[in-house]
Asker: 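I have a structure here, written as structure tokens, and I will follow up with some questions on it.
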Amino acid sequence: MQSSLPKVSKPPLHFILGINRQEINPPLSPHAQKYSSIQSLTLQPKSLSLLHPKTKHITKKEMVVLSKQTTQQYSYIKNSKSTTFFSGIPMIDLSKPDSKTLIVKACEEFGSFKVINHGVPMEFITDLESEAIKFFSKPLSEKEKAGPPNPFGYGNKSIGPNGDIGWVEYLLLTTNPENNSVRLASALGKNPEKFRCALNEYTSSCEEYGLLNYYPPCPELEALNGENMIGFGEHTDPQIISVLRSNNTSGLQISLRDGNWISVPPDHRSFFINVGDSLQVMTNGRFQSVRHRVLANSLKSRLSMIFFGGPPLNERIAPLPSLMKGEESLYKEFTWFEYKKSAYGSRLADNRLCLFKKIAAS
Ligand SMILES: C=C1C[C@]23C[C@@]1(O)CC[C@H]2[C@@]12CC[C@H](O)[C@@](C)(C(=O)O1)[C@H]2[C@@H]3C(=O)O
Ligand SMILES: O=C(O)CCC(=O)C(=O)O
Ligand SMILES: [Fe+2]
């Protein structure tokens with residue numbers, strides 16, 4: 001199984017730069033102090049990381065920088081292209097008759113695309129956005145009352161149950177409000193109904209669950225010579241599709257088929273759609289789930305809302321017969337429950353589908 005990129009707990013074997021943040025920078029902002037106290041940075045040159053089986057997906061133009069802290073570790077990436085936006089992401093106008101054909105093409109070629117004229121009123125989006133901002137602006141002690149995020153609730157830094165860390169706070173919610181606990185609902189405010197309505201209005205046509213991610217600005221990055229801190233580490237989404245809307249702060253990157261990471265230009269009016277692992281199986285590999293990540297921004301906060309469309313728990317995930325035309329399935333038989341269980345036992349960057357392939361990846 002491919003493991004996560006730079007979130008190693010041991011220092012790398014090669015050279016250590018040993019920059020002491022406290023020596024080179026003014027004291028950390030209160031927010032950053034809450035998150036971390038960065039003690040030293042360790043550079044891992046690309047040439048060496050390429051040799052390491054766990055970091056083989058790092059592209060040539062990147063250098064991974066590992067942060068070593070007293071309590072928690074964040075991951076950094078030095079990527080010369082991080083501020084250059086990629087203009088080639090397919091943009092699909094859902095009001096046009098050829099949109100279906102273009103969606104199929106985009107899923108085949110990129111595993112992701114942007115949609116415009118999606119019909120979701122901007123007002124629903126901004127209502128939810130302002131409720132989310134109100135929540136994330138509360139004192140940490142208040143927000144923690146809505147945690148931990150298993151299965152649903154507030155999370156901070158830790159992503160999933162297996163040691164992944166990011167510069168992010170989030171609220172993981174089911175789109176069925178009955179399943180969001182009373183504790184979570186009351187921590188959302190004196191009148192959780194308003195928050196709930198905003199969420200419901202927005203998600204009435206979505207299945208499964210939603211995620212509100214908040215990436216606080218990280219001013220300390222300014223002093224770190226173009227290094228980027230990982231907000232949400234690289235991964236593929238396990239579901240069928242993910243529908244992502246963010247404010248106008250950049251950060252989202254996707255990995256192209258050639259392994260290069262590109263920055264997605266933010267667009268608060270559009271949705272960004274990702275193919276998930278389940279859709280990869282349902283199309284017998286014709287569509288491939290897209291590897292993506294979020295980098296923290298030094299100046300601006302990023303808020304994103306993501307809806308994950310997944311099947312019912314007992315549903316079999318298998319290639320659609322209409323697409324098969326006599327082909328053999330590339331995957332073993334499994335249910336969404338089995339896949340979810342396996343996913344929650346994995347690290348964020350793992351290639352979770354490997355375990356379900358009929359022929360093990362070489
Ligand atoms: C490390 C993990 C976080 C995650 C559950 C997992 O064990 C592996 C899949 C991760 C992921 C990625 C997409 C979504 O952000 C997410 C909510 C999901 O459904 O799968 C997260 C999970 C999480 O944050 O709990
Ligand atoms: O917050 C974002 O913009 C993307 C995060 C993401 O990919 C996820 O939560 O699965
Ligand atoms: Fe994702």
Side-chain angles (χ1 to χ4, degrees), residues 1-5 7 75 111-112 114 129 132 136 147-175 206-216 229-255 261 263-268 270-280 289-297 300-311 313 336-355:
M1 209 186 253
Q2 189 183 317
S3 186
S4 38
L5 181 142
K7 296 183 178 82
S75 309
S112 60
K114 166 177 159 168
E129 184 169 34
F136 287 115
N150 41 15
F152 302 109
Y154 172 73
N156 185 328
K157 293 183 283 188
S158 279
I159 302 168
N162 303 309
D164 288 290
I165 300 287
W167 185 265
V168 64
E169 294 178 44
Y170 58 92
L171 260 180
L172 187 53
L173 303 155
T174 161
T175 55
C206 300
E207 279 183 299
E208 270 271 39
Y209 50 91
L211 187 60
L212 292 168
N213 285 340
Y214 176 70
Y215 303 88
M229 189 194 267
I230 291 286
F232 205 108
E234 67 167 276
H235 64 282
T236 59
D237 295 339
Q239 292 82 6
I240 299 175
I241 60 160
S242 315
V243 180
L244 185 154
R245 185 269 176 188
S246 76
N247 64 357
N248 264 340
T249 303
S250 62
L252 181 66
Q253 295 196 318
I254 64 169
S255 169
W261 285 95
S263 293
V264 176
D267 178 354
H268 71 291
S270 312
F271 289 110
F272 192 75
I273 317 288
N274 283 337
V275 168
D277 296 341
S278 301
L279 189 53
Q280 177 169 331
S289 56
V290 67
R291 208 156 254 275
H292 55 286
R293 67 188 181 194
V294 178
L295 303 180
N297 191 294
K300 294 189 331 186
S301 58
R302 173 179 167 92
L303 182 82
S304 46
M305 29 186 105
I306 308 132
F307 292 89
F308 300 99
L313 283 178
W336 172 236
F337 173 80
E338 287 165 331
Y339 193 61
K340 238 179 137 170
K341 194 168 157 220
S342 163
Y344 279 87
S346 67
R347 294 292 299 264
L348 195 55
D350 285 346
N351 184 340
R352 286 174 272 282
L353 269 182
C354 262
L355 289 176

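Both counts, for ligands and for their atoms, begin at 1 and track the order of listing. Treat the numbers as computed from the prediction; the structure is a model and nothing was measured.
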Asker: Looking at every heavy atom in both L313 and K340, which two are closest together, and how far apart are they?
Answerer: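 Taking every non-hydrogen atom into account, CD2-CD, 4.0 Å.
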
Asker: Which atom name would you report as the N, O or S atom of H235 nearest the Fe ion (ligand 3)?
Answerer: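 Atom name of the closest N, O or S in H235: NE2.
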
Asker: State whether any protein heavy atom lies less than 4.0 Å from atom 16 (C) of ligand 1.
Answerer: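 Flag for atom 16 (C) of ligand 1 set to false, no protein heavy atom closer than 4.0 Å.
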
Asker: Taking heavy atoms and a distance under 4.0 Å, where does I306 meet ligand 1: side chain, backbone, both or neither?
Answerer: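 The answer is neither.
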
Asker: Among all the protein's heavy atoms, is there at least one whose distance to atom 21 (C) of ligand 1 comes out below 4.0 Å?
Answerer: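 Protein heavy atom within 4.0 Å of atom 21 (C) of ligand 1: absent.
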
Asker: Identify the closest protein heavy atom to atom 7 (O) of ligand 1: which residue and atom is it, and at what distance?
Answerer: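 Protein heavy atom with the smallest distance to atom 7 (O) of ligand 1: A343 O, 2.9 Å.
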
Asker: What's the verdict on side chain to side chain contact (heavy atoms under 4.5 Å, CB included) for L348 and F232, showing C-alpha distance, side-chain angles and the deciding distance?
Answerer: CA-CA 9 Å; L348 195 55; F232 205 108; 3.9 Å; yes

Asker: Tell me which part of R293 gets within contact of ligand 2: side chain, backbone, both or neither, using heavy atoms under 4.0 Å.
Answerer: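 The answer is neither; R293 stays 4.0 Å or more away.
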
Asker: I want to check something: taking the side chain as every heavy atom from C-beta on, are L353 and Q280 in contact at a cut-off of under 4.5 Å?
Answerer: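 Yes - at least one pair of side-chain heavy atoms lies under 4.5 Å apart.
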
Asker: Just which atoms of ligand 1 are under 4.0 Å from any heavy atom in D237?
Answerer: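 Matching atoms, with element in brackets: 13 (C).
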
Asker: Any chance you could lay out the side chain to side chain contact (heavy atoms under 4.5 Å, CB included) test for I306 and N213, step after step, and finish with the verdict?
Answerer: CA-CA 8 Å; I306 308 132; N213 285 340; 3.4 Å; yes

Asker: Below 4.0 angstrom from a heavy atom of S346, which ligand 1 atoms are there? Numbered from 1 as shown, please.
Answerer: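 Near S346, the atoms of ligand 1 are 1 (C), 7 (O), 8 (C).
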
Asker: Does the side chain of F271 come within less than 4.5 Å of L244's, by heavy atoms?
Answerer: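 They are not in contact (no side-chain heavy atoms under 4.5 Å apart), so the answer is no.
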
Asker: Counting each atom of ligand 2 from 1 as listed, which ones have a heavy atom of L244 under 4.0 Å away?
Answerer: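 By the 4.0 Å cutoff, the relevant atoms are 2 (C), 3 (O), 4 (C).
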
Asker: Looking just at side-chain N and O atoms, do N297 and Y215 make a donor-acceptor pair shorter than 3.5 Å?
Answerer: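 No, no side-chain donor-acceptor pair sits under 3.5 Å.
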
Asker: Verify side chain to side chain donor-acceptor pair (under 3.5 Å) between S278 and Q239, making sure each step is shown before the conclusion.
Answerer: CA-CA 5 Å; S278 301; Q239 292 82 6; over 6 Å; no

Asker: Which protein heavy atom lies closest to atom 3 (C) of ligand 1, and at what distance to 0.1 Å?
Answerer: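 Protein heavy atom with the smallest distance to atom 3 (C) of ligand 1: G160 CA, 3.5 Å.
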
Asker: Note the single closest protein heavy atom to atom 10 (O) of ligand 2, along with its residue, its atom name and the distance in Å.
Answerer: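 Ranking protein heavy atoms by distance from atom 10 (O) of ligand 2, first comes H235 NE2, 3.0 Å.
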
Asker: Considering just N/O/S atoms, say which atom of H292 is closest to the Fe ion (ligand 3).
Answerer: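 Among the N, O or S atoms of H292, the one closest to the Fe ion (ligand 3) is NE2.
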
Asker: Are R352 and S346 linked by a side-chain donor-acceptor pair shorter than 3.5 Å?
Answerer: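 A pair is found: one side chain offers a donor N or O, the other an acceptor, under 3.5 Å apart.
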
Asker: Show which atoms of ligand 1 fall inside a sub-4.0 Å distance from at least one heavy-atom site of R352.
Answerer: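 Taking each heavy atom of R352 in turn, ligand 1 has 8 (C), 9 (C) under 4.0 Å.
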
Asker: Could you list which atoms of ligand 2 come closer than 4.0 Å to a heavy atom of R302?
Answerer: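 Those of ligand 2 that fall under 4.0 Å from R302 are 2 (C), 3 (O).
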
Asker: Kindly give the heavy-atom pair with the smallest separation between A296 and W167, and that separation in Å.
Answerer: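 Closest heavy-atom pair between A296 and W167: CB-CD1, 3.7 Å.
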
Asker: Less than 4.5 Å apart, any side-chain heavy atom of Q253 and any of V264?
Answerer: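 Sidechains of V264 and Q253: no contact.
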
Asker: Check the pair H235 / D350 against side chain to side chain donor-acceptor pair (under 3.5 Å), numbers first and verdict last.
Answerer: CA-CA 7 Å; H235 64 282; D350 285 346; over 6 Å; no

Asker: Using a strict cut-off of 4.0 Å, indicate which atoms of ligand 2 neighbour a heavy atom of V294.
Answerer: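 Contacts of ligand 2 toward V294, numbered from 1: 1 (O), 2 (C), 3 (O), 4 (C).
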
Asker: State whether K157 and E169 are salt-bridged, where the test is any N-O pair (Lys NZ or Arg NE/NH1/NH2 against Asp/Glu carboxylate O) under 4.0 Å.
Answerer: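 Salt bridge flag = no for E169 with K157.
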
Asker: Hey, does I159 have a side-chain heavy atom less than 4.5 Å from the side chain of I165?
Answerer: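 No, every pair of side-chain atoms sits at 4.5 Å or beyond.
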
Asker: Using a strict 4.0 Å cut-off to heavy atoms of L211, name the atoms of ligand 2 that fall inside it.
Answerer: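 Within the 4.0 Å cut-off of L211, ligand 2 contributes 9 (O).
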
Asker: State the CG-CG distance between L172 and N150, to the nearest 0.5 angstrom.
Answerer: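 The CG atom of N150 is 9.5 Å from CG of L172, to the nearest 0.5 Å.
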
Asker: Name the option, out of F232, F308, Y344, that contains the heavy atom nearest to atom 5 (C) of ligand 1.
Answerer: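 The residue whose heavy atom sits nearest atom 5 (C) of ligand 1 is Y344.
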
Asker: Which of the atoms of ligand 2 are close to S304, meaning less than 4.0 Å from one of its heavy atoms?
Answerer: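 In order of number, 1 (O), 2 (C), 3 (O).
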
Asker: For the Fe ion (ligand 3), which N, O or S atom of D237 is at the shortest distance?
Answerer: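 Answer by atom name: OD1.
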
Asker: Please confirm whether K340 approaches ligand 1 to less than 4.0 Å, judged on its heavy atoms.
Answerer: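 The answer is no: ligand 1 sits nowhere under 4.0 Å from a heavy atom of K340.
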
Asker: With a heavy-atom distance limit of 4.0 Å, tell me whether V168 approaches ligand 2 through its side chain, its backbone, both, or neither.
Answerer: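 For V168, there is no contact with ligand 2 at all, from either part.
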
Asker: Identify the heavy atoms of G163 and R347 that sit nearest to each other, and give their distance.
Answerer: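 Answer, listing the atom of G163 first, then R347: O-NH2, 3.5 Å.
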
Asker: Numbering the atoms of ligand 1 from 1, which are under 4.0 Å from a heavy atom of D164?
Answerer: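 Close to D164: 1 (C).
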
Asker: What protein heavy atom sits nearest atom 10 (C) of ligand 1, and how far away is it?
Answerer: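 Answer, as residue, atom name and distance: L348 CD1, 3.8 Å.
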
Asker: List ligand 2 atoms under 4.0 Å from H292, heavy atoms only on the residue side.
Answerer: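 Listed by number with element: 7 (O).
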
Asker: Within ligand 2, which atoms have a heavy atom of N213 less than 4.0 Å away?
Answerer: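 Every atom of ligand 2 under 4.0 Å from some heavy atom of N213: 1 (O), 2 (C), 5 (C), 9 (O).
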
Asker: Which residue holds the protein heavy atom closest to atom 11 (C) of ligand 1, what is that atom called, and what is the gap in Å?
Answerer: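 Minimum-distance protein heavy atom for atom 11 (C) of ligand 1 reads P238 CD, 4.3 Å.
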
Asker: Are any of the N/O atoms in Q239 less than 3.5 Å from those in ligand 1?
Answerer: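 For ligand 1, there is an N or O atom that lies under 3.5 Å from one belonging to Q239.
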
Asker: For ligand 1, which part of S242 has a heavy atom less than 4.0 Å away: the side chain, the backbone, both, or neither?
Answerer: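 The answer is neither; S242 stays 4.0 Å or more away.
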
Asker: Flag H235 as yes when one of its N or O atoms lies below 3.5 Å from any N or O atom of ligand 1, and as no otherwise.
Answerer: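 No; every N/O pair is 3.5 Å or more apart.
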
Asker: Using heavy atoms and a threshold below 4.0 Å, how should the contact between I159 and ligand 1 be classified: side chain, backbone, both, or neither?
Answerer: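 I159 to ligand 1: contacts from backbone and side chain alike.
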
Asker: Can you tell me if Y170 has a non-hydrogen atom under 4.0 Å from ligand 1?
Answerer: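 It does not, in that no heavy atom of Y170 comes within the 4.0 Å cut-off of ligand 1.
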
Asker: Could you tell me which non-hydrogen atom of Y170 sits nearest to which non-hydrogen atom of N156, and how far apart they are?
Answerer: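 Residues Y170 and N156, closest heavy atoms: CE2-N, 4.2 Å.
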
Asker: Determine, stepwise, if the pair N247 / H268 fulfils side chain to side chain donor-acceptor pair (under 3.5 Å).
Answerer: CA-CA 5 Å; N247 64 357; H268 71 291; over 6 Å; no

Asker: May I ask you to decide if the ring planes of Y214 and F136 are parallel, tilted or perpendicular, using 30° and 60° as cut-offs?
Answerer: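 Aromatic pair Y214/F136 classed parallel.
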
Asker: Which bit of P149 is near ligand 1, meaning a heavy atom under 4.0 Å away: side chain, backbone, both or neither?
Answerer: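 For P149, no heavy atom sits under 4.0 Å from ligand 1.
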
Asker: Counting only heavy atoms, which portion of D237 has something under 4.0 Å from ligand 2: side chain, backbone, both, or neither?
Answerer: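 Answer for D237: side chain.
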
Asker: If you take all heavy atoms of G345 and N162, which pair is closest and at what distance?
Answerer: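 In this case the closest contact between G345 and N162 is C-ND2, 3.4 Å.
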
Asker: At the 4.0 Å heavy-atom cut-off, does Y215 count as touching ligand 2?
Answerer: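 Yes, Y215 has a heavy atom closer than 4.0 Å to ligand 2.
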
Asker: Indicate the atoms forming the closest heavy-atom contact of P266 with S246, along with that distance.
Answerer: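 Answer, listing the atom of P266 first, then S246: CB-OG, 4.4 Å.
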
Asker: Run the numbers for me: atoms of ligand 1, each under 4.0 Å from some heavy atom of L211, listed by number.
Answerer: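 Reading through ligand 1 atom by atom, the close ones are 15 (O).
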
Asker: Under 4.0 angstrom from ligand 1, any heavy atom of P161?
Answerer: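 The answer is yes, since P161 has a heavy atom less than 4.0 Å from ligand 1.
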
